[in-house]
Amino acid sequence: MSTLKKLDKLEYLKTIGIVNIGTNGVGFSNPYDIAFSSDNRAFVINRHDAPINFRPEDASAIRVGVLNYEEEYLGEFGYGFGKGDGQFRLPVAMDFDSQDRLYVTDELNNRITAFNSSGEYLFSWGTHGKKLGEIDGPAGIAIDNEDNVYISDQNNHRIQKFTNNGQFISSWGSFGCGNGEFNMPWGISVDHKGDIYVADWRNDRIQQFTADGDFKSIYGNNVNDDINLNRPSSVVVDDSGILYIADWGNHKVKILNKNGSLISVLNGEATLSKWAKEWYGKLPEQLETRENANLMPELPRQFSTPYQKSAQTEPYFWGPVSVKIDTNQRLYVVESLRHRIQVFSI
């Protein structure tokens, strides 16, 4: 089956989400990542980009929410804003190991926190610094089939490899724009062969490495100008080698084949989620207002940037910060600015 035929099946399935910026329960508050347990429950980080003057009532919005594909809300755990066991300040990304333990990075607490799949706190690790094994602003996290944990150590411009209990194994990378160098790496993922892919954020590219950190390839602007990545924040690779990139600065998802050629671009096709429909069902006058609104307006010429276009076009991605694939071959695009997740079939 060719790549193009495969992508003919990439279709929009649904939207999950509704804004919930201050209380527990159904909804998201600036979601940043999603991960899937062995029983196919979805775990979503609510980062809650709070105002400078943080209020006590904002704390409950910083959490991990648990749900399933049918949009049943199953609960939540973790809370902010703090440094205590199980607390977060600026959570970024997460992944499960083979024992169904969930690991969450926190770039402000400079640590990784582990929970079991019931949301119970297990342990955390992380020492702030620049030495090997120390971290400064941990962002993306990926765990391979042997339970090795890879961390995007963004402010140290490197990738670090640990055991799943936090023992340092190795490190690679330094500041720069050459092969194997980084400028604030963010998202990271592992493919089914064990190769590591890093969203090299400020270098506007994706880099591919072996599990030992040996450089293999680059995907991005310096290879193919048609790709035009702008601050990519996440990357995931399917079993056929196709790359799905959250092109955060362009508010799109770019899809590349394993040779690095651009083969498709997703702009977003969001519709009302089940949660939103339930909310509007209680407030029919609000639904009428929505239905009368122009959610895909013809924009004036001065609205020319990707940010402006997405901000004014409700179905489009706005702040696509993470991309993940579940075991049913569904692509999830996490939108931090519209507090929702769009799901596609691949």
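Quick note: numbers below take in every heavy atom, side chains included, and nothing from hydrogens, waters or symmetry partners. Numbering starts at 1 and runs along the sequence shown.
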Undergrad: Are any of the side-chain nitrogens in Arg158 or Asp153 under 4.0 Å away from the carboxylate oxygens of its partner?
TA: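 Asp153 and Arg158: salt-bridged.
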
Undergrad: With a 4.5 Å cut-off on side-chain heavy atoms, are Tyr103 and Asn164 touching?
TA: yes

Undergrad: Less than 6.0 Å separating the ring centroids of Phe77 and Phe115?
TA: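 Centroid distance Phe77-Phe115: below 6.0 Å, so yes.
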
Undergrad: If we ignore angles and hydrogens, is there a donor and acceptor under 3.5 Å between the side chains of Tyr12 and Thr271?
TA: yes

Undergrad: If you draw a 6.0 Å radius around CD in Glu288, do more than 12 non-hydrogen atoms from other residues or ligands fall strictly inside?
TA: no

Undergrad: Report yes or no: is the cationic atom of Lys254 (NZ for Lys, CZ for Arg) closer than 6.0 Å to the six-membered ring centre of Tyr219, at no more than 45° off its axis?
TA: no

Undergrad: Contact between Met94 and Phe43 at the side-chain level, heavy atoms closer than 4.5 Å - yes or no?
TA: yes

Undergrad: Give a yes or no answer on whether the side chain of Thr305 reaches the backbone of Gln308 with a donor-acceptor pair at less than 3.5 Å.
TA: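 A pair under 3.5 Å: yes.
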
Undergrad: If we only count heavy atoms from C-beta on, is the Val198 to Ile159 side-chain gap below 4.5 Å?
TA: yes

Undergrad: Less than 4.0 angstrom from a charged side-chain N to a carboxylate O is my criterion; do Arg47 and Glu107 meet it?
TA: yes

Undergrad: In terms of side-chain heavy atoms, does Glu76 have a donor or acceptor partner in Tyr73 at a distance below 3.5 Å?
TA: yes

Undergrad: Is a side-chain donor-acceptor pair under 3.5 Å present for Tyr280 with Gln286?
TA: no

Undergrad: Trp248 ring centre to Arg231 NZ or CZ under 6.0 Å, with the angle to the axis within 45°?
TA: no

Undergrad: Is Lys14 paired with Glu71 through a side-chain N to carboxylate O contact shorter than 4.0 Å?
TA: yes

